[in-house]
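To start, the structure itself, in structure tokens.
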Amino acid sequence: MVVTEAQIWDWLAEVKDPEIPVLTVQDLGIAREVLVKEEGAVTVKITPTYSGCPAMNEIEQNIRQKLEAEGVEKVQVETILSPPWTTDWMSAEGRRKLKEYGIAPPEGSSADKKTLFGTEKKVTCPHCDSRNTKMVSQFGSTACKSLYQCQDCREPFDYFKCL
Amino acid sequence: MENDKLEYVLRLGDNALILGQRLSAWCGYGPVLEQDIALSNIALDQLGQARMLMQYAAELKGGEATEDGMAFFRDVFDYHNLLLLELENGHWGDTVVRQFLFDTFNYFFYTELLQSADERLQSIAQKAIKEVTYHAQWSAEWVIRLGDGTEESHQKAQKSLNDLWEWTGEMFTMDELERRMVEQGIGVDVAALKTRWDDKVAEILDLATLQKPEDDWMQSGGKQGEHTEYLGYVLAEMQHLPRMYPDAQW
Ligand SMILES: [Zn+2]
């Protein structure tokens with residue numbers, strides 16, 4: 001079977017993140033590069049969000065399964081570290097889906113995250129759009145999220161923090 | 001000297017692995033759910049960084065060497081982590097203060113490692129610095145909270161700080177291996193980090209109303225493989241399963 005890189009990208013757009021199932025690996029910008037060799041062997045290069053992200057093995061497996069199910073015979077998934085993943089790579093569509101799911105999407109650019117002991121970030125509540133929110137904990141249910149609470153609607157929510 | 005590089009990478013990997021293993025023991029025991037989760041996440045980041053470094057070390061070693069082999073089949077004297085990181089967790093304040101002292105060092109360390117002439121270390125640093133920045137913020141905030149908290153939390157945090165201080169000197173002592181690595185542009189001149197570390201630590205301790213201890217006699221030896229009695233216990237627990245069942249699969 002002859003596949004094109006565009007076709008592979010379309011299939012990757014259907015592979016979901018195991019921890020935030022509304023997002024695909026494409027929304028997250030985890031898949032960085034697709035290479036199709038002449039005889040049909042496919043290499044997908046992925047980059048971890050966090051170095052200890054426990055979902056990476058599953059994501060790798062899911063990509064492999066998806067492509068094999070579509071008839072690609074030789075699938076290789078390679079992990080690359082550089083350039084490091086940043087929330088800037090999350091697509092606009094991904095951000096919209098996150099908010100709808102109840103997780104506040106990363107705000108602003110990741111560039112300002114490199115300062116040590118910075119001031120607390122103001123985040124918009126994904127439920128009522130209030131800016132009157134407060135960080136409860138730097139680390140939420142997974143390393144990529146912080147836990148916030150809205151002071152207006154009182155709902156707690158996860159914030160996908162900038163990296 | 002590829003052997004130099006291998007040992008250097010292992011030192012960094014061992015720091016991340018031993019601290020990650022120590023912090024993992026807090027999982028389920030944190031004082032409140034949010035902080036239990038925070039510390040578990042920090043532990044996970046450390047283990048992730050350890051994996052990147054051990055994978056690299058295994059490649060440098062070549063032959064049959066693997067990431068798991070590096071972690072599970074080396075003995076105490078082949079470990080090169082800082083002594084500070086193998087100490088017992090103690091109470092919450094001890095763990096928080098140790099984390100703060102190391103995170104602050106680690107932040108400045110990885111900031112410098114971004115400039116390494118070794119491309120692989122450079123990419124590992126790019127990844128690690130983002131995570132370490134969050135760790136350093138978290139532990140600094142907790143030092144302030146405990147120091148500037150109740151009378152009891154203040155006293156306990158001050159005692160943790162006094163007790164741990166003698167273990168901080170090793171972070172900034174250069175040995176021959178580190179000098180050679182710095183000469184080649186690969187490693188970090190840790191002695192040069194001391195002033196920045198002192199300033200940042202002083203700033204946070206001031207906010208925490210804690211007294212910065214005087215530099216006095218310092219413990220050393222971890223980087224060269226001379227450890228406290230505690231490391232043996234850490235390794236025994238961590239290595240027991242793969243040594244008992246070398247082909248165990250999840
Ligand atoms: Zn709200």
Side-chain angles (χ1 to χ4, degrees), chain A residues 19 30 32 45-61 78-89 106 109-121 134-149 156-163, chain B residues 16 20 24 30 32-53 55-56 100 103-104 106-108 110-111 114 119-144 196 199-200 203-204 207 250:
Chain A
E19 279 178 356
I30 288 174
R32 300 311 300 160
K45 295 189 180 175
I46 59 172
T47 188
T49 51
Y50 279 72
S51 49
C53 178
M56 285 314 286
N57 285 347
E58 206 176 327
I59 288 174
E60 191 179 320
Q61 239 171 42
E78 240 176 65
T79 303
I80 52 170
L81 296 178
S82 185
W85 183 80
T86 156
T87 32
D88 297 347
W89 293 347
S109 151
S110 63
D112 59 332
K113 285 282 83 54
K114 297 221 176 86
T115 53
L116 204 45
F117 318 124
T119 47
E120 195 176 300
K121 183 124 192 163
K134 195 176 168 358
M135 185 169 77
V136 178
S137 175
Q138 180 86 265
F139 296 86
S141 53
T142 61
C144 55
K145 288 173 268 163
S146 297
L147 187 61
Y148 273 72
Q149 188 177 24
F157 64 91
D158 271 337
Y159 166 58
F160 201 111
K161 63 194 178 199
C162 285
L163 191 71
Chain B
S24 304
V32 286
L33 184 61
E34 287 78 8
Q35 299 314 323
D36 190 294
I37 291 169
L39 212 46
S40 300
N41 274 314
I42 293 173
L44 206 54
D45 284 345
Q46 295 292 352
L47 293 178
Q49 291 166 20
R51 288 195 59 186
M52 297 193 292
L53 290 156
Q55 277 163 11
Y56 187 27
F100 164 66
D103 283 344
T104 309
N106 221 18
Y107 172 81
F108 292 121
Y110 275 107
T111 304
L114 289 171
E119 231 172 78
R120 182 74 166 267
L121 281 179
Q122 208 184 80
S123 16
I124 292 172
Q126 286 175 353
K127 193 82 209 136
I129 188 66
K130 294 173 170 225
E131 297 162 2
V132 170
T133 306
Y134 276 115
H135 303 170
Q137 284 175 3
W138 177 86
S139 53
E141 278 159 19
W142 264 95
V143 164
I144 296 168
R196 271 184 277 170
D199 290 350
K200 183 48 83 177
E203 178 195 327
I204 299 299
L207 289 170
W250 281 111

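All heavy atoms count here, side chains included; hydrogens, waters and symmetry mates do not. So you know, we letter chains A, B, ... as the sequences are listed, proteins then strands, and number each from 1.
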Checking heavy atoms, do the side chain of B:L44, its backbone, both or neither come under 4.5 Å from chain A? both
Would B:K130 pass as a cation-pi partner of B:Y110, given that its NZ or CZ must be under 6.0 Å from the six-membered ring centre and within 45 degrees of the axis? no
Would you be so kind as to tabulate the donor-acceptor pairs closer than 3.5 Å made by side chains of residues 121-128 of chain B, with sequence neighbours excluded?
from, atom 1, to, atom 2, distance (Å)
B:Q122, NE2, B:S116, O, 3.0
B:S123, OG, B:E119, O, 3.0
B:S123, OG, B:R120, O, 3.3
B:Q126, OE1, A:S82, OG, 3.1
B:K127, NZ, A:P48, O, 2.9
B:K127, NZ, A:T49, O, 2.7

Interface check, chain B: of A:L81, A:L147, A:T79, most non-hydrogen pairs under 4.5 Å belong to A:L81
For A:R32, side chain to side chain donor-acceptor pair (under 3.5 Å) partners two or more places apart: none
Could you tell me which portion of A:S146 (side chain, backbone, both or neither) has an atom closer than 4.5 angstrom to a non-hydrogen atom of chain B? neither
Cationic tip of B:K200 within the cone over B:F108's six-membered ring, i.e. under 6.0 Å and within 45° of the normal? no
